[in-house]
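This structure is a prediction, so every number in the text was calculated from the model and none was measured. Any value given below was found using the heavy atoms of this structure, including those in side chains, with hydrogens, waters and symmetry copies removed. Lettering follows sequence order; numbering is per chain, from 1.
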2 protein chains.
Amino acid sequence: MTGPLNGWRTLAEQISEQISSGCLAPGQRLPSEEQLQQRTGLSRTTVRAAIAELRRLGQVETRHSAGTFVLGVGDMFGLRPGESVTASAALVVTGVDGTTRTLPAGTRIVVAPAEPPGS
Amino acid sequence: MTGPLNGWRTLAEQISEQISSGCLAPGQRLPSEEQLQQRTGLSRTTVRAAIAELRRLGQVETRHSAGTFVLGVGDMFGLRPGESVTASAALVVTGVDGTTRTLPAGTRIVVAPAEPPGS
DNA sequence: TTATATTTGTCCGTATGTATT
DNA sequence: AAATACATACGGACAAATATA
């Protein structure tokens, strides 16, 4: 098995891939929670956990009683040495392998110094 | 009544204030979910929702089977090539000369590519 | 080392409220 | 007014990882 994974992680990943591949375009509405329940056989709790994850990753936005919608890709900003970034909300760092890490609000993001080659 | 006990937002706010006021110091463990249940009379679902909110705000970090711990603030984070950062709130970039620039929420911060010397 | 208790993780079901369509 | 869809909240059960004895 590729990995049984949990319920909500698997579902979040599947939807995320549909977004990445363009099957779900920006502005488009995701299936309702009930529809996702029926299609996947998962409970509503699990479906909602998956959507919450997508929200955390900034891929979708949920509007009360209207649905969950795919967000467009945000702009990129290239941070240069000497510059720093902060925000009044938590910062989510996405690593090279796709894993994420949450930093407290107020953390200062700077460009890491280059590693010396002889490490 | 011991308190209003209305919902996960209230609980999250209460704990958040304890963190802001220093009653809960960085590194300190929050009461367990069961303890919070008993103290507040809320269900575990609601208690967990409150903690999830604190996590979303970057105020705490939860370690499996160990507990939820208060995070320190004002730390630095060195961003490395390949990593990216976003936040659900506006991002403020501070330049080398001290000037600031505000970027919309969702903007992806990446390490700017090194400029070739002959530019 | 083994065993036990604690604590969080995941998952399910149900009910009701609220906002949108 | 009615149907749809998300928000909140309760309850229970078992798994998994950690800490402790």
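Distance A:Gln38 CD to D:dT4 P: 12 Å, rounded to the nearest Å. Whole-Å rounding puts the A:Glu34 CD to D:dC6 P distance at 9 Å. Regarding B:Leu11, its CG atom lies at a distance of 15 Å from the C1' atom of D:dC10, rounded to whole Å. Atom CG of A:Leu36 and atom P of D:dT4 are 17 Å apart (whole Å). B:Gln35 places its CD atom 14 Å from the C1' atom of C:dA5, with the value rounded to the nearest Å. What separates CD1 of B:Ile51 from C1' of D:dT8 is a distance of 17 Å, to the nearest Å. One can place CD of A:Glu33 at 5 Å from P of D:dC6, the figure rounded to the nearest angstrom.
Side-chain atoms of B:Ser65 come within donor-acceptor range of the base of D:dA17, with a qualifying N/O pair under 3.5 Å. Remark: the A:Arg9 side chain and the C:dG9 base include no donor-acceptor N/O pair separated by less than 3.5 Å.
Between A:Gln37 and B:Thr62, the residue anchored closer to the 5' end of DNA chain C is B:Thr62, taking for each the nucleotide with the nearest heavy atom.
Base pairing annotation: C:dT7 forms a Watson-Crick or G-U wobble pair with D:dA16, both donor-acceptor distances under 3.5 Å.
Counting heavy atoms from C-beta outward, B:Ile109 and B:Leu103 have side chains that approach closer than 4.5 Å. A:Val92 is not listed as a side-chain neighbour of B:Val85, based on a closest heavy-atom distance of 4.5 Å or more.
In this structure, B:Ser43 reaches the bases: a heavy-atom distance under 4.0 Å links it to at least one base atom across the strands shown. Nucleic acid contact class of B:Arg44 (heavy atoms, under 4.0 Å, all strands): base. Within 4.0 Å of B:Thr45, counting heavy atoms only, lies at least one base atom of the nucleic acid.
In this model, the phosphate group of C:dT10 is not approached by any side-chain N or O of A:Thr46 to a distance below 4.0 Å at OP1 or OP2. Within the 4.0 Å cut-off from OP1 or OP2 of C:dG9, at least one side-chain nitrogen or oxygen of B:Arg48 is found.
Across D:dA19, C:dT21, D:dA9, the shortest atom-to-atom separation from the side chain of A:Ala66 is found for C:dT21. The side chain of B:Leu42 has D:dC10 as its nearest neighbour among D:dC10, D:dA7, C:dT8. For A:His64, whose side chain is taken as the heavy atoms from C-beta onward, the closest listed nucleotide among D:dT8, D:dA19, D:dC6 is D:dC6.
Under a cutoff of 6.0 Å and an axis angle of 45°, B:Arg108 and A:Phe77 do not form a cation-pi pair.
Taken to the nearest 0.5 Å, the CZ atom of B:Arg56 stands 9.0 Å off from the CZ atom of A:Arg55.
Ionic pairing of B:Glu33 and B:Arg48 is present here: one or more N-O contacts between side-chain nitrogen and carboxylate oxygen are shorter than 4.0 angstrom.
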